[in-house]
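Being a predicted model, the structure only gives us computed values, none of them experimental. Only this structure's heavy atoms are used, side chains among them; waters, hydrogens and symmetry mates stay out.
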Amino acid sequence: QLQLVESGGGLVQPGGSLRLSCAASGFTLDYYAIGWFRQAPGKEREGVSCINSNGGTTNYLDSVKGRFTISRDNAKNTVYLQMNSLKPEDTVVYYCAAHGPPDMHTGQAMCVRDLYEYDNWGQGTQVTVSS
């Protein structure tokens with residue numbers, strides 16, 4: 001079964017840090033771009049960050065630039081989202097998902113904006129930023 005599992009969420013004070021993990025089972029992440037998304041109650045899911053399959057290209061939501069860093073360790077079949085300087089407005093459920101397969105010409109799976117192009121969504125991990 002192809003599955004992504006998020007972990008690392010929790011309660012943190014404003015200004016604190018968390019590192020989210022997105023681990024794959026049943027398939028290798030090497031050939032997929034991985035996106036982190038978040039969704040607040042009553043709002044649409046939004047893209048937070050994405051990393052392409054070889055880790056050479058990343059992008060971020062404007063509101064998290066300079067605070068969040070996405071990375072991947074293909075040997076561990078895991079993608080990470082390091083979140084620093086957390087704010088109360090970062091309090092939501094975070095999800096990861098995969099986009100692929102790689103382009104046959106470039107051999108890379110690139111990030112795309114449309115979240116409907118992503119599959120194998122995880123169950124989400126709650127991040128709560130509160131004093």
Side-chain angles (χ1 to χ4, degrees):
Q1 182 178 1
L2 309 182
Q3 190 176 11
L4 290 173
V5 178
E6 304 94 338
S7 62
L11 173 64
V12 64
Q13 292 186 342
S17 298
L18 285 173
R19 188 177 79 159
L20 304 185
S21 298
C22 172
S25 63
F27 69 108
T28 177
L29 287 181
D30 294 33
Y31 305 112
Y32 293 86
I34 301 298
W36 281 100
F37 303 83
R38 64 188 184 185
Q39 186 169 23
K43 295 188 176 181
E44 293 187 354
R45 192 168 295 188
E46 64 177 356
V48 175
S49 183
C50 185
I51 187 167
N52 74 333
S53 56
N54 73 354
T57 301
T58 59
N59 55 48
Y60 298 91
L61 183 68
D62 284 347
S63 61
V64 308
K65 285 181 181 177
R67 300 189 297 123
F68 291 9
T69 303
I70 192 170
S71 61
R72 64 191 303 152
D73 185 341
N74 286 346
K76 294 183 178 180
N77 221 24
T78 302
V79 171
Y80 303 98
L81 185 67
Q82 178 67 43
M83 306 188 297
N84 299 329
S85 302
L86 282 162
K87 303 176 180 180
E89 51 263 43
D90 296 317
T91 296
V92 283
V93 178
Y94 287 75
Y95 302 86
C96 64
H99 172 68
D103 180 270
M104 62 181 297
H105 300 294
T106 67
Q108 297 297 323
M110 301 302 293
C111 295
V112 295
R113 296 180 66 87
D114 188 349
L115 61 86
Y116 293 103
E117 296 286 338
Y118 290 83
D119 298 308
N120 303 111
W121 291 86
Q123 83 291 346
T125 185
Q126 175 71 47
V127 170
T128 302
V129 184
S130 175
S131 55

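- The shortest distance between side-chain heavy atoms of S17 and N84 falls below 4.5 Å.
- To the nearest 0.5 Å, the span separating CZ on R72 from OG1 on T58 amounts to 11.5 Å.
- To the nearest 0.5 Å, atom CG of residue N120 and atom CG of residue L29 are 9.5 Å apart.
- Atoms CZ and OG1, on R38 and T91 in that order, are 9.5 Å from each other to the nearest 0.5 Å.
- When atom types are taken as modelled, the side chain of N52 and the backbone of A33 share no donor-acceptor pair closer than 3.5 angstrom.
- The nearest pair of heavy atoms linking N54 to T57 is OD1-N, 4.5 Å.
- Residues that satisfy the ring pair (Phe, Tyr, Trp, His ring centres under 6.0 Å) test with Y94, not counting sequence neighbours, are absent from this structure.
- Looking at every heavy atom in both residues, D103 comes nearest to T106 through OD1-N, 2.9 Å.
- Atom CG of residue D90 and atom OG of residue S63 lie 7.0 Å apart, to the nearest 0.5 angstrom.
- Rounding to the nearest 0.5 Å places CE of M110 at 10.5 Å from CD1 of I51.
- Ring pair F68/W36: centre-to-centre distance not below 6.0 Å.
- No continuous path of hydrophobic side-chain contacts links V93 to L81 [ILVMFWY only; heavy atoms under 4.5 Å].
- Using a 4.5 Å heavy-atom cutoff, the side chains of Q123 and V5 are in contact.
- Residue E44 places its CD atom among 12 or fewer non-hydrogen atoms of other residues, nucleotides or ligands, all under 6.0 Å distant.
- In this structure, T78 and S21 approach most closely via the heavy-atom pair CG2-CB, 4.1 Å.
- Of the possible donor and acceptor atoms, one in the side chain of E6 sits under 3.5 Å from a partner among the backbone N and O of C96.
- The backbone N or O of I70 lies less than 3.5 Å from a partner atom in the side chain of Y60, making a donor-acceptor pair.
- For the pair H99/C111, no side-chain contact is recorded, criterion being any heavy-atom separation below 4.5 Å from C-beta on.
- Clustering ILVMFWY residues whenever any of their side-chain heavy atoms sit less than 4.5 angstrom apart, transitively, puts V92 in the very cluster that holds V12.
- Aromatic ring orientation, F37 versus Y118: perpendicular (interplanar angle above 60°, classes split at 30° and 60°).
- For the pair I34/C22, a side-chain contact is recorded, criterion being any heavy-atom separation below 4.5 Å from C-beta on.
- For the atom pair CZ of R19 and CE of M83, the computed distance is 11.5 Å after rounding to the nearest 0.5 Å.
- Taking the charged nitrogens against the carboxylate oxygens, K65 and D62 do have a contact shorter than 4.0 Å, which makes a salt bridge.
- Taking 4.5 Å as the limit, every side-chain heavy atom of Y31 sits out of range of all side-chain heavy atoms of S53.
- Counting only heavy atoms from C-beta outward, the side chains of L4 and F27 approach each other to under 4.5 Å.
- The cluster map of Ile, Leu, Val, Met, Phe, Trp and Tyr, joined by side-chain heavy atoms under 4.5 Å apart, puts Y80 and L86 in different clusters.
- Both Y32 and L20 belong to a common hydrophobic cluster when Ile, Leu, Val, Met, Phe, Trp and Tyr are linked at side-chain heavy-atom distances under 4.5 angstrom.
- Of the possible donor and acceptor atoms, one in the side chain of R67 sits under 3.5 Å from a partner among the backbone N and O of S85.
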